[in-house]
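To keep things clear, I will list the structure first and then write my remarks on it.
Every chain is numbered from 1, with letters handed out A, B, ... down the list of sequences.
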Amino acid sequence: MSDAETPTDDAPRDFIRDIVHADLEAGSVSGIVTRFPPEPNGYLHIGHAKSICLNFGLAHDFGGRCHLRFDDTNPLKEEMEYIDSIQEDVRWLGFDWGEHLFHTSDYFEQLYQWAEVLISDGKAYVDDLSADEIREYRGTLKEPGRSSPFRDRPAEENLDLFRKMRTGEFADGEKVLRARIDMASGNINMRDPVLYRILRGHHPRTGDQWCVYPTYDFAHGQSDAIESITHSVCTLEFEGHRPLYDWLIENLPVPTQPHQYEFARLELTHTVLSKRKLIHLVRDGHVAGWDDPRLPTLSGLRRRGVPAAAIRDFAARIGVSKSNSVHEIALLEHCVRENLNKAAERRMAVLDPLKVVIENYPDCETEILEAVNNPEDESAGTRNVPFSREIWIERSDFMEDPPKKFFRLGPGREVRLRWAYFITCTDVIKDPSGEIVELRCTYDPATKGGQAPDGRKVKGTIHWVSAPHALDAEVRLYDHLFARPDPGAEGDWLDDLAPHSLEIRHGCKLEPDLATFEPGRTLQFERQGYFVADPDSTVDTPVFNRTIGLRDSWAKIQKKAGGK
RNA sequence: UGGGGCGUAGCCAAGUGGUUAAGGCACCGGUUUUUGGUACCGGCAUUCGGAGGUUCGAGUCCUCCCGCCCCAGCCA
């Protein structure tokens, strides 16, 4: 057994890996080959990421390979745009298919030939029944189906008809090719499933070369066999198709014998993962596009600032099983915070500015203070932060009549300005309407850097930005797309869209060096959360997206106090 | 009431008949802290959907029952 096959303590363990391990040990396969087979009819989302991590992870863990295969058997739904975005997303997630990029459409000729084999063997026939009639004849869940009057057509006639289907002698939907299996099967998928249909759509890769297209059932397993896939891993809803998958592999002269295994697809709270619903959100303008940072699409998560490594970690933690389960989005958020805590440099940003004038600080003077970039990573170094007489602080960091548990600024109270000085509030200035417009404070020159030589302690540390040096920015505060964990559980799912999933703040005050942050770079705004520079940024106004807020135990305390 | 699956804590999830039912998230306490962040420590299932049975011994085996999910596209 090679190292790659030896499970280690931190290697993920699940029933699929157990099967692979057993297969390798028993010698039923000599190496493993998996595949990720998306249909290019939409953008990839975090549910696909689970499958990608599983398939590529399996290949990696057991020293095999994983193919990227576009399952492009339906020209009516598939587009080049999706083929491109899918490759970009898989790469971004951190996986590499090397030379192994395939398309089911690469196999159309072979698949067609195998269909003829089935016909010659009397195991498939051309049916003239309409779609509606086929449905009627199929029976129901509790009643067996009935045979089509065309079921016993001689092989020669079927072959002739099928060839004519290919050469375009029939209209769309006029005829189909069906497997001849068992119309009385308890498994409806075995009641003579359709193998080929006539479709005159322009295929993104084969153009107008074909007018007959294989169905998923006829294409998938055979494509697996062509590519020597050993473990064809798919989601639970295909479980009932496995007997058909096996039947086709057994009845066709395919080069290898792949096997299908099924696992539960990912479900997440506070969002939707169905392609239909995601398309609806995009097309109806509920979000700004496929890469809207509120969407669970990989492009949306990327723009939101979620690191690929956090998604991989999430996939590893949720495991792989066969029970339908809904994961709390809090676990994903935990993975994001854990990753970013180590990786993101810190900066100060004031999102809801309140002016503070430090009365005993010399006018027109600017000091350069040193701030640590990341206390979790010494190699991130330090930076210079300008300090002056007028600064901005967060409005929520001041209370005129604070409760005793409030550690921030209040009249007569002293706090530490992060990396700067202790200041004490001496006066509160209000406008005629009574709104606080400015604070007057004094600072203690001896506390430079944030330490008092006399050893006196201060309960709170707040962030700030020097007013004359501040950079004005737009900050987009994102929250869960859906207010309830299970959108649509009661009533229309669209009614559960959270009313404030995006709050845009203008005139936020940032440390000056943030002007040059390239889009996609993540950072932490101290005491607030993780943010990422958005591609909408311009030279004049940088734009930052909130990826996720920091844990906020003060908010929890307040909530508890208020809830009494 | 055809066929196929699944039921272990609030949410996931190990467990493959033999000491006190892993682990993570969430939650609740506490320690540390120049982020009310992080880190660290502690707490959190006398019981595995239910009832019987087999066994010296059952979450694991058997029987029955209950609940949930998937399948009646010429979608994948």
| task | Would you please classify the geometry between the A/Tyr107 ring and the A/Phe102 ring as parallel, tilted or perpendicular, with 30° and 60° separating the classes? | result |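 Plane angle between 30° and 60°, so tilted.
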Provide, to the nearest angstrom, the distance between the [atom1] atom belonging to [X] and the [atom2] atom belonging to [N].
X	N	atom1	atom2	value
A/Asn189	B/C75	CG	P	14 Å
A/Glu78	B/A76	CD	P	7 Å
A/Glu267	B/C69	CD	C1'	10 Å
A/Leu177	B/C74	CG	P	13 Å
A/Leu199	B/C74	CG	C1'	8 Å
A/Leu141	B/A72	CG	P	8 Å
A/Lys560	B/G36	NZ	C1'	13 Å
A/Gln260	B/G4	CD	P	15 Å

Which part of the nucleic acid, if any, lies within reach of [X] when heavy atoms closer than 4.0 Å are counted: base, sugar-phosphate only, or nothing?
X	result
A/Lys405	base
A/Leu195	nothing
A/Arg138	sugar-phosphate
A/Glu143	nothing
A/Glu333	nothing
A/Tyr421	nothing
A/Val372	nothing
A/Glu239	sugar-phosphate
A/Phe238	base
A/Val415	nothing
A/Gly173	base
A/Leu417	nothing
A/Ser185	nothing
A/Arg317	sugar-phosphate

For nucleotides [N] and [M], find the distance between their [atom1] atoms and express it as a whole number of Å.
N	M	atom1	result
B/G17	B/U60	P	12 Å
B/C12	B/U54	P	35 Å
B/G42	B/A76	C1'	50 Å
B/A9	B/A22	P	14 Å
B/A58	B/U47	C1'	12 Å
B/G23	B/C44	C1'	14 Å
B/G24	B/C64	C1'	36 Å
B/A14	B/C61	P	16 Å

Note to self: I want to verify the glycosidic state of B/G73; is it syn or anti under the 90° rule?
What the structure shows: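 Syn.
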Output the single nucleotide from B/C6, B/U35, B/G24 whose closest atom is nearest the side chain of A/Leu331.
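Taking heavy atoms from C-beta onward, the closest nucleotide is B/G24.
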Ignoring hydrogens and geometry, is there a side-chain-to-backbone donor-acceptor pair from [X] to [Y] under 3.5 Å?
X	Y	answer
A/His203	A/Arg205	yes
A/Asn187	A/Gly240	yes
A/Asp352	A/Glu394	no

Measure distances between side-chain N and O atoms of [X] and base N and O atoms of [N], and say whether any donor-acceptor pair falls under 3.5 Å.
X	N	value
A/Glu376	B/G37	yes
A/Gln528	B/G37	no
A/Arg408	B/G36	yes
A/His241	B/A76	yes

Ring centroids only, cut at 6.0 angstrom: are A/Trp554 and A/Phe407 within range, meaning strictly under it?
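No, the ring of A/Trp554 stays outside the 6.0 Å limit from the ring of A/Phe407, centre to centre.
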Symbol by symbol from the 5' end, with Watson-Crick or G-U pairs under 3.5 Å, [ ] crossing and | another strand, RNA chain B is .(((((((.[[[..)..(....]]].(((((.......))))).....[[[[[..)....]]]]])))))).....
With centres under 5.5 Å and planes under 30°, do A/Tyr216 and B/A76 count as stacked?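 One would not call A/Tyr216 stacked on the B/A76 base.
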Practice task
Examine the side chains of A/His463 and A/Glu511 and answer whether a donor and an acceptor come within less than 3.5 Å of each other.
Solution key: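 No, A/Glu511 and A/His463 have no side-chain donor paired with an acceptor closer than 3.5 Å.
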Does either side chain, that of A/Gln524 or that of A/Glu526, offer a donor lying less than 3.5 Å from an acceptor on the other one?
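There is no such pair between these side chains.
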**Q.** First of A/Arg551 and A/Arg242 reached from the 5' end of RNA chain B, by closest nucleotide
**A.**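 Final value for this comparison: A/Arg242.
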(message) Salt bridge check, A/Arg383 against A/Glu345: does any charged N sit closer than 4.0 Å to a carboxylate O?
(response)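 No, no charged N to carboxylate O under 4.0 Å.
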Note to self: Given the ring of A/Tyr112, does A/Arg166 sit roughly above its face, with NZ or CZ under 6.0 Å from the centre of the six-membered ring and within 45° of the axis?
What the structure shows: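 Yes, A/Arg166 lies over the aromatic ring of A/Tyr112.
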